[in-house]
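Comments concern the structure below.
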Amino acid sequence: MANKWVYMFSEGDMTMRNLLGGKGANLAEMTTIGLPVPQGFTITTEACTQYYEDGRKINDEIMAQAMKGVKKMEEINGKKFGDLKNPLLVSVRSGARASMPGMMDTILNLGLNDEVVAAMIAGNPDPAFERFVYDSYRRFIQMFSDVVMEVGKKYFEQLIDKMKEEKGVKFDVELTAADLKTLAEQFKAEYKNQLGTDFPSDPVEQLKLAIEAVFRSWDNPRANVYRRDNDIPYSWGTAVNVMPMVFGNLNNESGTGVAFTRDPATGEKKLMGEFLINAQGEDVVAGVRTPMPIAQMEQEFPEAYAEFIQVCETLENHYHDMQDMEFTVENKKLYMLQCRNGKRTAQAALQIACDLVDEGHKTEEEAVAMIDPRNLDTLLHPQFDAAALKAATPMGKGLGASPGAACGKVVFTADDAEAWAARGEKVVLVRLETSPEDITGMKSAQGILTVRGGMTSHAAVVARGMGTCCVSGCGDIIMDEENKQFTLAGKTFKEGDFISIDGTTGNIYDGVIKTVDASIAGTFGRVMAWADKYRTLKVRTNADTPADAKKARELGAEGIGLCRTEHMFFDPERIAAFREMICSDTVEEREEALDKILPYQQNDFKALYEALEGNPVTIRFLDPPLHEFVPTEDADIEKLAKAKNKTVDEIKALCNSLHEFNPMMGHRGCRLAVTYPEIAKMQTKAVIRAAIEVQKAHPDWNVEPEIMIPLVCEVKELKYVKKTVVETADAEIAAAGVDLKYEVGTMIEIPRAALTADDIAKEADFFCFGTNDLTQMTFGFSRDDAGKFLNAYYDAKIFENDPFAKLDQTGVGKLMDMAVKLGKPVNPKLHIGICGEHGGDPSSVEFCHKIGLDYVSCSPFRVPIARLAAAQAAIANK
Ligand code: ADP
Ligand code: MG
Ligand code: MG
């Protein structure tokens, strides 16, 4: 049989969401359970895919089936498309699997033309009916022009405003039949003016163009951006729903409304919604008139209201979830036009999940599965006051790199941020880009705004780690660092001027927007406890400081999966010694400098073990290239020259000699430990001595440090560094006369390490996938520069996502899977985790579960997200 492209509502049900889209599947389901739905049909998502395969054309087979659908619809409804006696008018509505704002708007009243309009009016002498017909006609021309032919809405809105002004009225309901008739004429003229052709009068042609427009809208820029932000694959396509119109604008016995069965903001169990008399479609939400609260509908339309309450109950009992509904009343009779599981805030999601369990609608596992982990983010950071935000207009937009809201005075350097914050000012640090030296300043700021850099830029990664709001990569900013000012949207901002930034949306606002503190409600803990019950994957955190570690523990982290030691070297007291080490000529000199750092490192690690209370702590040895640490300020260079008994020029030459063309593929990671084993020795001493101390102080804890060697590509390399580590560690342990266990493992972040994981597993106690570097080296593009060309890749549909934000399961994932499969049989005790940015991304977490990792490690504020995602993965893959 040929493909079936078209389903009548009576042929589908809610399980067919992939094929019929969410809207279509639910219209079919409502039909099946006997709710009053105008009967039409759905053209499948597969037809949309076919449309693109056919070079953006609706083929004859699809069109023929659609016309058969029209015929059946005519029979069911006793009206005929384009008929002069009893014309059928329809709506054409898009509907993807997942609800997707940004796609095509709906077209209502399709099927009207001059003859149909005249015939309808001739058939009903009521002047109010004439008004209704012209109201429908002008709406149709406007929507069709805007949505199908992409003539801007504004031209038509201007004409309406002009008409209202001429007639001295405020609302569209006050316009008369004659006014609306004139408007319809003006609209058609505007159409011709804009497009050079007459408004299409043949209903079948109108329908075909409208269907095409829905398919086309799947690929519009807004939809593409929305899909990327929400993990919706391009390949899904959208369905088209065609159904008979019911008229809320028929008279004052009619109206249209939207409602939720529970409060989408708080989750409270009460009917919420709005209703507007004598109105159609989006009038309710578009604000043409102020709608009435849904409860008031009871007085105006008691029968329809009673039936609607019944429908709400039926739907909740049927879907076992909060419903978002759209409906219309025509001549006092209720019609259901849409239902879906309602979108809700994170807070409401938790409340509703708990209530649904208590009401017996859902099991704990189902409740866990219904919460979008990404939403939890918003519960953990300060937020803008909703009303204040609504009233504000953004003046620019960057990437929403680290969620939360920040409002403060603009400062341009990390030092200023620190100094201003120290005297109690709230600041937003604005930089071209940030570097490791900026860390303390970044910590002092309410938020960070950068001109350059993507989602994995330094600013973004560090800000997420700190839970600080960050908007990165706002290229529209014209930066003048020297004069401490920048220009955006034509306005110049000087040091001390207020701005507000939204790390979730990436929006940037002029001036102050009020913020409110985040609170963790009781339902949050309850849902998290369920998540912990069902997940098998452990969740650790990436943390370098006791404060971060403590925060992460509060949020449920079960250990540290990655402690980066290099951040510890930037402290003013240590950086001098570290630079002396870099500029040493002999091993002895280097050791002398390192000896100065050792007690600091030891104390750092001690504090971390204390914060973790016996839970595992993985410490990664020095990773970045040394060039990142060299001084740039003259005063620092002179200081270093003095300390090393060298001239300023000698120091400068030395620093320059460390410069590399590809530093990310340069002298870094374990390569540093191969050339300078004394660095690894010092770090090992610090790790072991701290562990011995803490174990002594807390005999009931199990302190067992995990030493992680970065950037290994060859087993002999690991073996070589490990020898230094083991000799040093064993000597320390023996000298202390204690019994301390420790592990030595490695990062898997170079493709060759994954490919030879069976060899490497012989020498490693654990693997940890560093998916930032692994992604960078597998794709062969730099994570710091990829932002420049990724947009072109999205536009060309080569990539759908940023592989640094969402794990590339096909390529990078294959390497990970391979490493697990090669490693575990060789060393059954091998434990394996991931510590890249992907460790906190829900779909990546699911992948980690599937390939059998033991844990994921992510920044503290992502820990709850990872816990929930891990539980969902376990439940889905049972
Ligand atoms: P969206 O997906 O943007 O909500 P819809 O397809 O749901 O768009 O259409 C928007 C509104 O148009 C609906 O809420 C409803 O009020 C109105 N509408 C759609 N189809 C019909 C119809 N057949 N009869 C009356 N109104 C309709
Ligand atoms: Mg809708
Ligand atoms: Mg790395």
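The residues of the chain are indexed from 1 along the displayed sequence. When a ligand or atom number is given, it counts from 1 through the structure's own listing order.
- Counted by atom type alone, Glu190 and Gln194 present one or more donor-acceptor pairs between their side chains at under 3.5 Å.
- Side-chain contact check for Tyr155 and Asp146: no donor-acceptor pair (N or O, by modelled atom type) lies under 3.5 Å.
- Between the side chains of His320 and Glu366, no donor-acceptor pair is found at a separation under 3.5 Å.
- A distance limit of 4.0 angstrom between heavy atoms and ligand 1 selects the residues Lys23, Ser91, Arg93, Thr106, Leu108, Met243, Pro244, Met245, Val246, Thr256, Gly281, Glu282, Glu326, Leu337, Gln338.
- When the options Ile107, Leu110, Val90 are evaluated for a side chain to side chain contact (heavy atoms under 4.5 Å, CB included) with Val242, the one that passes is Val90.
- Glu326 has its closest N, O or S atom to the Mg ion (ligand 2) at the position named OE1.
- For Gln338, the nearest N, O or S atom to the Mg ion (ligand 2) falls under 2.8 Å.
- Aromatic rings from Phe140 and Phe187 are positioned such that their centres are separated by 6.0 Å or more.
- At a cut-off of 3.5 Å, with distance as the only test, a side-chain donor of Gln338 or Arg93 sits close to an acceptor on the other residue.
- Within the model, atoms CZ of Arg228 and NZ of Lys806 stand 12.0 Å from one another, a figure rounded to the nearest 0.5 Å.
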